[in-house]
Structure formats: structure tokens, C-alpha cells
Engineer: 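For reference, the structure I am asking about is given below.
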Amino acid sequence: MAGFPIEAVRGKFPALSLTDKGRRRIYLDNPAGTQVPQAVADAVSRCLLTTNANLGGFFETTIAAQAVVDDVHAAMADFLGAASVEEIIIGAIMTTLTYHMSRTLGRTMKPGDEIILTRMDHEGNVSPWLQLAEDLGLVVRFLPFDEKSWQIEEAALQALLSEKTRLVALNYASNLTGSINRVKALTAIAKTAGALVYVDAVQFAPHGLIDVQELGCDFLICSAYKFFGPHMGILWGRRDVIDALKPYKCRCSSNGLPERFELGTPQIELMAGLTAAVDYFADLGAAAGEGGSRRQRIAKAFEVSIAYENALARQLIEGLSEIDGLAIRGITDPERFAERVPTVSFTVEGIAPETIVRQMNAESIFLWSGHNYAWEIVHQLGIPPEQGVVRIGIAHYNTATEIDETLESVHRVIAMLRQQRS
């Protein structure tokens with residue numbers, strides 16, 4: 001961890017210096033949304049104040065607004081390793097974009113066609129497909145995750161595929177267990193059946209470099225507010241695939257790519273903030289010594305941040321593992337930390353997760369309880385969905401001191417609740 005510029009990083013995030021009645025804040029609610037650098041807020045504000053116009057005109061603000069839109073598509077192409085800016089579709093949020101794309105893809109399907117969904121996915125990559133199947137008479141096959149590896153296994157996917165499989169929807173990393181799936185291998189198997197592959201990378205994007213061309217999937221989606229940006233969703237689609245699709249759109253709107261998938265007036269000010277978020281990663285990579293392209297600097301940023309986050313995750317997991325009756329729902333073997341993101345969920349025998357979280361929130365330690373929309377996971381594991389888990393999510397602006405304070409709080413709160421119960 002010594003090589004990671006944590007103080008310089010934290011200095012870029014104004015929210016990290018806020019206090020509640022003199023008490024410091026510890027932000028460990030990051031899987032639900034991260035804080036933003038000052039540069040992101042400045043970009044949004046600057047756009048609203050200086051380039052606030054719709055697109056398509058000939059005056060200065062509309063020309064400047066178009067430049068913002070062009071810049072963000074280029075930035076996200078660099079962030080995801082896309083072959084072209086035409087493959088980058090930007091919209092409201094991941095769930096909205098997935099609903100829209102699912103209906104568009106539904107135009108290519110017929111009753112009796114099959115789609116495969118996983119028990120590991122966030123509900124945003126499940127319900128759109130379930131409801132499409134209900135509308136069209138499609139067959140849904142559910143793919144469970146392995147409760148020993150905490151991942152989707154290739155053999156399990158292979159067993160579900162058939163000549164009728166049209167689409168496999170899977171996630172890159174779980175927002176509850178933190179487990180990372182072997183997306184490239186799973187995609188290759190799905191392709192043997194001729195299926196399209198739709199990947200939810202919302203939880204992976206803050207913690208690892210994405211290369212859509214290397215993965216071989218057809219679609220990949222992520223959310224900017226999970227990687228230090230504004231509330232936006234980004235969908236990458238392989239050009240030959242999306243070019244053949246007929247989206248739901250206004251008759252008089254553009255038929256170009258990606259415009260025909262980007263409904264209505266774009267959120268231009270948020271796009272400015274998204275470009276700033278991507279550039280934040282590039283700047284971090286430059287500070288770590290990379291002087292190449294933006295893509296190369298982003299890759300370097302992840303190289304250094306992954307090592308830093310893994311050390312914090314190890315500290316957290318080791319500390320939680322000392323508590324009797326506490327079960328971590330995910331990978332705990334340090335040798336396998338490359339197969340997880342630093343999102344750690346747990347349950348404690350006899351204690352409702354919300355009870356723990358309420359006490360810790362009162363100490364200005366921000367984290368979540370509940371199913372966190374990992375609806376299929378809690379059901380597969382037999383966890384009551386109305387209770388769910390305690391979820392602690394690390395970002396690279398967190399510190400070892402914050403993890404120590406969080407562990408002290410977890411130990412103390414659980415001891416207190418057990419004493420009250422007895």
C-alpha cells in the first residue's frame with residue numbers, strides 16, 4: 001500500500017472531509033454509489049453555466065455542447081477498450097438502458113426461444129429479461145453460482161445451453177458476494193451455441209480494467225456513479241450487433257450510431273462530469289508514472305488501485321473472521337483475492353443485519369443492509385430477503401485506519417447486541 005498516493009487521492013474528494021457534529025465520516029457504502037472528485041462537480045457546473053444548449057444548432061453554446069457529447073463517447077471508449085465511439089451508448093442508468101435494450105433485442109426473438117439468467121446477478125440484469133420472456137413467450141433458464149467457488153462455473157453454463165439459446169445475461173462481479181466471474185471463458189462457451197452475451201459490469205468497473213474486445217461479449221453495461229462519476233448508465237454494444245438492431249425511437253430522430261439508441265435530449269452536463277471521472281482515472285495513472293495514452297494511464301490507475309484495495313479487503317476480511325458466528329458470504333482465501341472485488345457481505349447468527357447497520361450508521365460509518373437487489377443470491381443462499389446481509393464496500397479512497405475503526409465498531413456493536421439479547 002505504501003506506493004499508492006492515498007492522501008493525494010483523498011484530497012480530490014471534498015465529501016471525505018465532511019463531518020457530522022464533529023465526527024468523521026467513513027464511506028463504505030460504495031457499491032451503492034461512490035463520492036465524486038471536485039473535478040467531476042466542476043465539470044457539471046461549468047457545462048451548465050457555459051455550454052447549456054440543445055444539440056444541432058449553429059451558435060456557440062450548441063457547438064460547445066456537441067463537443068461535450070463527442071468527448072464523453074471518446075472517453076468511455078477509452079475506459080472500456082471499445083473499437084469505436086459508435087459502440088458507446090449513454091443513457092439514464094443501467095436498469096433503464098437494460099430495459100430499453102431488452103425490448104430492442106426482443107424484436108429478434110420468438111416464442112420458445114431461450115434466455116439464460118444467473119442466480120448471481122443484480123435484479124437490474126434479471127427483471128428486464130424475465131418480463132421480456134413473459135411478454136414474448138420465451139423460456140428462461142436459471143444458472144446458479146457455485147457456493148464453494150462463489151462463481152458461475154463454465155460446466156454449469158454449458159449444461160444449460162441449447163440450440164434455442166438466444167441470449168446469456170451474466171454479471172462481471174457480484175454486488176453482494178464481490179465474486180468476479182470468468183467472463184471471457186463464459187462468453188466463449190455461450191458463443192458455441194450462437195447466443196448473444198449481455199454483461200453487467202456495474203460492480204466491476206470501479207475495481208478493474210475492462211477490455212470489451214478481449215472479453216468477446218456483445219454488450220457490456222456499467223454505471224458512472226459507481227466509479228466516481230455522475231448518475232448515468234453506459235452501454236457498450238458490439239458494432240456489428242447494434243448496427244443490425246432496430247431500436248424503439250422517435251421517427252424523426254437520428255438513425256446514426258450511437259444516436260438511435262440514445263433517446264431524447266442527452267444529459268449533457270452529466271456527460272461532462274462523466275468525462276471528468278474517466279480523466280480522474282487517467283490522472284491517477286499519470287501520477288503512478290504512466291505517460292502513454294489515456295487508455296494506458298487508466299490501465300495503470302487500476303494496477304495500483306487494485307493492489308491497494310486488495311490490502312484493505314484482506315485487513316477487513318481477517319478482522320471479520322475473528323468474530324464467532326459471523327459468516328462472510330464470499331471468497332475469503334487471500335490467494336483468491338484477484339477473483340473478487342472489495343465488497344464484503346456478512347451475516348451474524350441471531351442478529352438482524354439492519355440492527356448492526358443502524359448502530360454503525362449512528363457512528364457515521366456508512367454501509368448498507370438488506371438484499372441490495374441481489375434478489376437471486378439471497379434466495380439461493382437461503383437468506384431471508386427481508387433481512388439480507390451487512391454489506392461493506394471499499395473504494396480506493398478508503399484507508400487502513402478507516403478499516404480499523406470499522407472493525408472495532410463491528411466487534412463492539414455485535415458484542416453489545418448479543419449482551420442485550422441475553
Side-chain angles (χ1 to χ4, degrees), residues 89 91 93-146 151-176 179 181-204 212 215-223 233 235-238 240-248 261 373-380:
I89 300 163
I93 52 176
M94 175 272 184
T95 304
T96 301
L97 282 171
T98 300
Y99 266 105
H100 178 53
M101 187 54 69
S102 70
R103 270 51 192 172
T104 298
L105 287 169
R107 287 177 151 172
T108 71
M109 300 178 188
K110 62 183 185 302
D113 285 348
E114 299 177 359
I115 57 177
I116 295 176
L117 310 178
T118 86
R119 300 284 186 197
M120 192 171 161
D121 270 82
H122 183 280
E123 194 65 11
N125 201 26
V126 176
S127 280
W129 308 109
L130 284 179
Q131 291 159 21
L132 179 70
E134 183 180 358
D135 291 345
L136 300 183
L138 308 178
V139 175
V140 176
R141 299 194 181 278
F142 267 103
L143 176 60
F145 60 91
D146 187 286
Q151 294 164 314
I152 298 295
E153 296 297 329
E154 288 89 338
L157 173 58
Q158 185 71 63
L160 284 186
L161 291 168
S162 78
E163 61 182 13
K164 294 183 178 180
T165 307
R166 298 292 172 262
L167 180 128
V168 177
L170 56 91
N171 67 353
Y172 211 143
S174 168
N175 75 320
L176 190 148
S179 306
N181 281 318
R182 296 179 291 274
V183 173
K184 182 179 179 180
L186 294 168
T187 295
I189 291 170
K191 290 298 181 182
T192 64
L196 296 172
V197 179
Y198 191 99
V199 177
D200 172 4
V202 169
Q203 290 299 318
F204 184 80
V212 289
L215 292 175
C217 55
D218 301 287
F219 301 91
L220 183 139
I221 195 162
C222 56
S223 296
L235 173 63
W236 168 84
R238 189 174 300 282
D240 61 330
V241 175
I242 60 173
D243 199 24
L245 295 175
K246 181 183 179 183
Y248 289 89
F261 293 98
Y373 280 74
W375 191 247
E376 292 296 333
I377 292 181
V378 295
H379 280 83
Q380 179 174 327

Engineer: Determine which pairs satisfy salt bridge (Lys or Arg N to Asp or Glu O under 4.0 Å) with at least one residue from residues 183-193, sequence neighbours left out, and list them in order.
Structural biologist: K184-E214, K191-D218
Engineer: To the nearest 0.5 Å, tell me how far L97 CG sits from I221 CD1.
Structural biologist: 4.5 Å
Engineer: Would you give the length of the straight line joining atom CD of Q380 to atom CG of D146, rounded to the nearest 0.5 angstrom?
Structural biologist: 9.0 Å
Engineer: For S179 and M120, which heavy atoms make the closest approach, and how far apart are they?
Structural biologist: O-CE, 3.4 Å
Engineer: Going by heavy atoms in the side chains, are H122 and V202 under 4.5 Å from each other?
Structural biologist: no
Engineer: Which value, rounded to the nearest 0.5 Å, describes the distance between M101 atom CE and L196 atom CG?
Structural biologist: 10.5 Å
Engineer: If the condition is salt bridge (charged side-chain N to carboxylate O under 4.0 Å, His left out), which residues does K164 pass it with, not counting sequence neighbours?
Structural biologist: none
Engineer: What distance separates E163 CD from E114 CD, expressed to the nearest 0.5 Å?
Structural biologist: 9.0 Å
Engineer: I'd like to check E376 versus L117 (side-chain heavy atoms, cut-off strictly below 4.5 Å). Are they in contact?
Structural biologist: no
Engineer: If you compare all heavy atoms of P144 against all heavy atoms of R119, which two are closest, and at what distance to 0.1 Å?
Structural biologist: CA-CG, 3.5 Å
Engineer: Check side chain to side chain contact (heavy atoms under 4.5 Å, CB included) between R103 and all other residues, then give those that pass, not counting sequence neighbours.
Structural biologist: Y99, P128, Q131, L132, D135, Y248
Engineer: Does A201 have any side chain to side chain contact (heavy atoms under 4.5 Å, CB included) partners at least two apart in sequence or in another chain, and if so, which?
Structural biologist: Y172, I210, L220
Engineer: Which residues pass the side chain to side chain contact (heavy atoms under 4.5 Å, CB included) test with A193, not counting sequence neighbours?
Structural biologist: L161
Engineer: A133 and I115: which non-hydrogen atoms are nearest, and at how many Å?
Structural biologist: CB-CD1, 4.3 Å
Engineer: How close do I377 and S174 get, counting heavy atoms only, and between which atoms?
Structural biologist: CD1-OG, 3.2 Å
Engineer: Apply side-chain hydrogen bond (donor to acceptor under 3.5 Å, both in side chains) to N181 and list each qualifying residue two or more places apart in sequence or on a separate chain.
Structural biologist: N171
Engineer: Quick one: side-chain hydrogen bond (donor to acceptor under 3.5 Å, both in side chains) partners of R238, sequence neighbours excluded?
Structural biologist: none
Engineer: Strictly distance-based, threshold 3.5 Å: is any side-chain N or O of R107 a donor or acceptor partner for the main-chain N or O of K246?
Structural biologist: yes
Engineer: Suppose we screen for side-chain hydrogen bond (donor to acceptor under 3.5 Å, both in side chains). Which residues come up paired with Q151, at least two apart in sequence or across chains?
Structural biologist: R182, R336, E339
Engineer: Does the side chain of F219 reach to within under 4.5 Å of the side chain of V241, using non-hydrogen atoms?
Structural biologist: yes
Engineer: Hey, could you give me each pair passing ring pair (Phe, Tyr, Trp, His ring centres under 6.0 Å) that has a residue in residues 126-145? Not counting sequence neighbours.
Structural biologist: W129-Y198
Engineer: Return yes if some donor-acceptor pair links the side-chain N/O of D113 with the main-chain N/O of K110 below 3.5 Å, else return no.
Structural biologist: yes
Engineer: Looking at A169 and D121, what are the two nearest heavy atoms and their distance?
Structural biologist: O-OD1, 3.9 Å
Engineer: In chain order, what residues pass the side chain to side chain contact (heavy atoms under 4.5 Å, CB included) check against T108, with sequence neighbours excluded?
Structural biologist: L245
Engineer: So do the side chains of H100 and L235 get within less than 4.5 Å of each other, counting heavy atoms only?
Structural biologist: no
Engineer: Is any side-chain heavy atom of V168 closer than 4.5 Å to a side-chain heavy atom of L186?
Structural biologist: no
Engineer: What residues form a side-chain hydrogen bond (donor to acceptor under 3.5 Å, both in side chains) with T95, not counting sequence neighbours?
Structural biologist: none
Engineer: Do the non-hydrogen side-chain atoms of N125 and M94 ever get within less than 4.5 Å of each other?
Structural biologist: yes
Engineer: Quick one, L170 with V199, criterion side-chain contact (heavy atoms from CB on, under 4.5 Å). Give me CA distance, side-chain angles, the key distance, then yes/no.
Structural biologist: CA-CA 5 Å; L170 56 91; V199 177; 4.0 Å; yes
Engineer: Which heavy-atom pair separates N175 from A374 by the least distance, and what is that distance?
Structural biologist: OD1-CB, 3.5 Å
Engineer: Could you check whether atom CZ of F261 has more than 12 heavy atoms from other residues, nucleotides or ligands sitting under 6.0 Å from it?
Structural biologist: yes
Engineer: About how many Å separate CG of L157 and CD1 of I189, when rounded to the nearest 0.5 Å?
Structural biologist: 5.5 Å
